[in-house]
Amino acid sequence: MVISHFHNPMEAHPEVSEQAFTAEKLFNEHLGTGRWRTREEILAFFDGLELLEPGLVPLPEWRPETGDHRAAPGITYHTFVGGVARKP
């Protein structure tokens, strides 16, 4: 199973968390529905499965380009995460 999801980092990055709350509110007011979930909420989707390395991480960490010199983490870095899992 593969999941990419809006993420709210909460206490780990409070300034980004506030921006995630604002983005979710605007998204729902103007574009339909969307939910920025916490790490724990997203990990629950993988219950009973083996989460593959590197785990549930910001999307750029899944398939970094060769020689990738990632930009300093910002809101999009922390608010989009992904993971891959399989049956054990």
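- Between L52 and E50 the shortest side-chain heavy-atom distance falls below 4.5 Å.
- Of all heavy-atom pairs spanning A85 and L49, the tightest one is CB-CB, 3.7 Å.
- A side-chain donor-acceptor contact under 3.5 Å links H7 to the backbone of H78.
- Formation of a donor-acceptor pair under 3.5 Å by the R39 side chain with backbone atoms of L56 is found in this model.
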With side-chain hydrogen bond (donor to acceptor under 3.5 Å, both in side chains) as the criterion, how do N8 and S17 come out once you've worked through the C-alpha distance, each side chain's angles and the decisive distance to 0.1 Å?
CA-CA 5 Å; N8 186 330; S17 179; 2.7 Å; yes
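- Using a distance-only test at 3.5 Å, with no hydrogens or angles considered, a donor-acceptor pair links the side chain of E41 to the main chain of T38.
- Pairing each heavy atom of F27 with each of T33, the nearest pair is CE2-O, 2.9 Å.
- In this pair, F45 and H5 present their aromatic rings parallel. The plane angle is below 30°, not in the 30 to 60° band.
- Not one N or O on the side chain of W36 forms a donor-acceptor pair closer than 3.5 Å with the backbone of A23.
- Y77 is not listed as a side-chain neighbour of V16, based on a closest heavy-atom distance of 4.5 Å or more.
- Summarising the geometry of M1 relative to F46, their closest heavy-atom pair is CE-CD2, 3.6 Å, with the distance given to 0.1 Å.
- Residue L51 comes nearest to V84 through the heavy atom pair CD1-O, 3.5 Å, listed as atom of the first residue, atom of the second, then distance.
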